[in-house]
Amino acid sequence: MTRDGHGDREGPVVPAAVGFLAVSSVITMSAPFFLGRVIDIIYTHPAVDSGGDLTRLCLGLSGVFLCGAAANAMRVYLMQTSGQRIVNRLRTSLLSSVLRQEVAFFDKNHTGELINRLSSDTALLGRSVTENLSDGLRAGAQAAVGVGMMFFVSPNLATFVLSVVPPLSIVAVIYGRYLRKLTKVTQDSLAQATQLAEERIGNIRTVRAFGKEMAEIDKYASKVDRVMQLARSEALARACFFGATGLCGNLIVLSVLYKGGQLMGSAHMTVGELSSFLMYAFWVGVSVGGLSSFYSELVRGLGAGERLWELLERKPALPFNEGVVLDDKSFQGALEFKRVHFSYPARPEVPIFQDFSLSIPPGSITALVGPSGSGKSTVVSLLLRLYDPVSGTISLDGRDIRQLNPTWLRSKIGTVSQEPILFSCSIAENIAYGADNPSAVTAEQVQRVAEVANAAAFVRDFPQGFNTVVGEKGVLLSGGQKQRIAIARALLKNPKILLLDEATSALDAENEHLVQEALDRLMEGRTVLIIAHRLSTIKNANRVAVLDQGKITEYGKHEELLSKPDGIYRKLMNKQSFISA
Ligand SMILES: Nc1ncnc2c1ncn2[C@@H]1O[C@H](COP(=O)(O)OP(=O)(O)OP(=O)(O)O)[C@@H](O)[C@H]1O
C-alpha cells in the first residue's frame, strides 16, 4: 500500500463485474420470453410432452438460470469488494489531504467533524458509487431490455404502457433534488453531534470533575434529535416516493391485463405472449423500482460527497514539503525575528505581536519570560512555521523561513512542551517517534536516549518495560514521566534548535531534579529558546528576553535586568511566581 492508498490495484475487477452484470441481465431478461414459449407449448399440447420439446426447453432453461445466478453472485461480490477498496482510498486520500492543511485550518474545523467525514461520509459515497451503481446499472439494463422486449412481443400494448413514463420521471427529478439537499444537512448535523461526543469523551476527566455527565448527554441528545427530525423528513419523502411508484406499478399491470385480454380476445395475442409481456412489464416495474432506489442512494452519496470534494481539493495555505533546504554542514541554527507583526487567522482583529524583534545566537540559551497570554507559545508556533507573520521576517541563518522547506525546517527543531502529548502506543514507539524513520530505530538507541533523559530507570520498573502502552495522550504516566519520555524523544531527534516550554507546575523534588538534569543534557550544544517558569532556568540562560505588549521590551542577563529600578522584568519577578527549585 502506498501513502496515498493507491497500492491496492483494481486490475480487471471492474470490467469483470460489468461482464458478470451483462451476463446476468441478459439471462434474467431472456427468461420471460422462453417461459412464454413453455406456456404456449403447455397451452397448445396440454397432455403430452410435445416430442420432448418441453423437457429439453425446461432442462436447458434450468442450466441457463443457474449460470445467471452464478454471474449475479459474482457481480455482487466483486462490486462489494471494490466498493470497500474505493472507501479505503477515499479515506486515505482524505486523511492525507487533512494532515497537510495548515494549523489555522484546525483552529476552524473541529476534530469530531473531520472524523465524521472520514468515517461516515466516505462510507456513504463509496456505497453509492459501487454496490448501488452496480444495482442501478443492472436495473437500467433490465429496464431497457425489458422495454425492448415488450415492443418485440406487442408494440401495441407497449406503446399503451409507456405513455405513463414522462410524468413519473418529473416526480423522480423533484424528489431527487429534495433528497440531495436533505442529505447534506443531515450529514452536517451528524458531524456536529460526533464533534460534541468526541470532545466530551476525550475530556472525560474534566466532565467528571464538574459532574456534567447528564448535561452533556442532554446536549448530545438534542443534537441527535435534530438528526432524527431530518431522518424523519427523509423517511417521509422516501415513503411517499416508494408508495407512489409501487401504486403506479400495480396500476400498470392491471391495465396490461385489461388491454391484453382484449387483444387475446381478438386473436392478436397468444396466452404465452401475454404471459411474456406481463413478465417483462413486471421486470420493468421491478427495475424502475430499483432505479428509483439507486437514484435515492446516488443523490445521498453526492450530497455527502460535496463536503468530501471540498476537503480533498483544498490546497493548504502554507506549503507542506517544498522550498529551500540548507546545507547540513554549514547549518548553524541562528534565529532572528525582525519587526514581526502577527495576529491569529481566527482572530485577525486581535494583534499578538507588534514590531516584535529578537535575535537568538547559535548555540545559546535564551529564556523567554512574560505575563500569561503575552504570546510566548506563539513565538514557538511561528518558529515552527505553523503560522506566518502578517509582516516582518523570521530568519534561520539569515534566510527567511518562508523560503525554506517547512518539513526540513521542522526536522531541525525539537520541542518539549509543558504537557507533552504522547501517543497511545508503547514507550519505545513514543521515543522512536522522534526519529526520521522510527521503524529503523533499534532497542539500544531507545534505551540509550532514555538513559540520558533519566527515563530508563522508571521504565524498567514497569512489568512490560519499554513495551508498556501509555494510554491515550500518555494518560497512564505522571507529568514528570511524560516529560522525560518527551525529552528522550527529542534527544533521538537530535535537533540543532530546541524550543522548550517548561512545566508551570512544580514536580516533587526528586522528579524536579531528574527532569532538570535531563533538560540540561538535552540543551547541550544547541540553540535553545526556553519559555521559562523556573528561576534556575532564567539564571542559567545566556540571555533573558521579556515579552510584553506584543514586543520584546527588555533583553539581557538576569542580574542586569533585575537591577533596572523601574524595569518590567523586575516588576514581573515581583508579581509572577517563578518556581524557585
Ligand atoms: N489558535 C489561536 N487562535 C486565536 N488566538 C489564539 C490562538 N492561540 C492563542 N491565542 C491567543 O494568543 C494570545 C497569546 O497566547 P499564547 O499561548 O502565545 O500566550 P502565552 O504567553 O504562551 O500564555 P501562557 O503563559 O498563559 O501559556 C492569547 O491571548 C491567546 O488567547
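Just so you know, ligand 1 is whichever comes first in the structure, and atom 1 is the first atom listed for that ligand.
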request  = List the steps, then state whether salt bridge (Lys or Arg N to Asp or Glu O under 4.0 Å) holds for K551 with D548.
outcome  = CA-CA 6 Å; K551 59 170 88 158; D548 191 37; over 6 Å; no

Do F423 and Y433 have ring centres separated by under 6.0 Å? yes

Any protein heavy atom nearer than 4.0 Å to atom 4 (C) of ligand 1:
yes

Nearest-neighbour protein heavy atom for [atom], which is reported as residue plus atom name and distance:
{"atom": "atom 27 (O) of ligand 1", "result": "S377 OG, 4.1 Å"}
{"atom": "atom 18 (O) of ligand 1", "result": "T378 OG1, 2.5 Å"}
{"atom": "atom 9 (C) of ligand 1", "result": "Y344 CE1, 3.5 Å"}
{"atom": "atom 25 (O) of ligand 1", "result": "K376 NZ, 2.8 Å"}
{"atom": "atom 1 (N) of ligand 1", "result": "D107 OD2, 3.3 Å"}

Between ligand 1 and S372, is the shortest N or O to N or O distance under 3.5 Å? yes

Could an N or O of ligand 1 be found under 3.5 Å from any N or O of G375, whether backbone or side chain?
yes

Under 4.0 Å between heavy atoms, the region of R347 that gets near ligand 1 turns out to be side chain

- prompt: Do any N or O atoms from the side chain of R226 and from the backbone of S222 form a donor-acceptor pair under 3.5 angstrom?
  reply: no

*asked:* Any heavy atom of Y387 closer to ligand 1 than 4.0 angstrom?
replied: yes

Problem - Contact check, G373 vs ligand 1, heavy-atom distance below 4.0 Å - result: yes

Q. Is the count of non-hydrogen atoms from other residues, nucleotides or ligands lying under 6.0 Å from K412 atom NZ greater than 12?
A. yes

So the atoms of ligand 1 within less than 4.0 Å of a heavy atom of I352 turn out to be 12 (O), 13 (C)

*Should Q187 and D121 be marked as a side chain to side chain donor-acceptor pair (under 3.5 Å) after you check the CA-CA gap, both sets of side-chain angles, and the distance that decides it?*
CA-CA 7 Å; Q187 290 302 109; D121 288 10; 2.4 Å; yes

- prompt: Does the side chain of I413 reach to within under 4.5 Å of the side chain of L498, using non-hydrogen atoms?
  reply: no

Which of K223, K181, R117 passes salt bridge (charged side-chain N to carboxylate O under 4.0 Å, His left out) with D188? It is R117

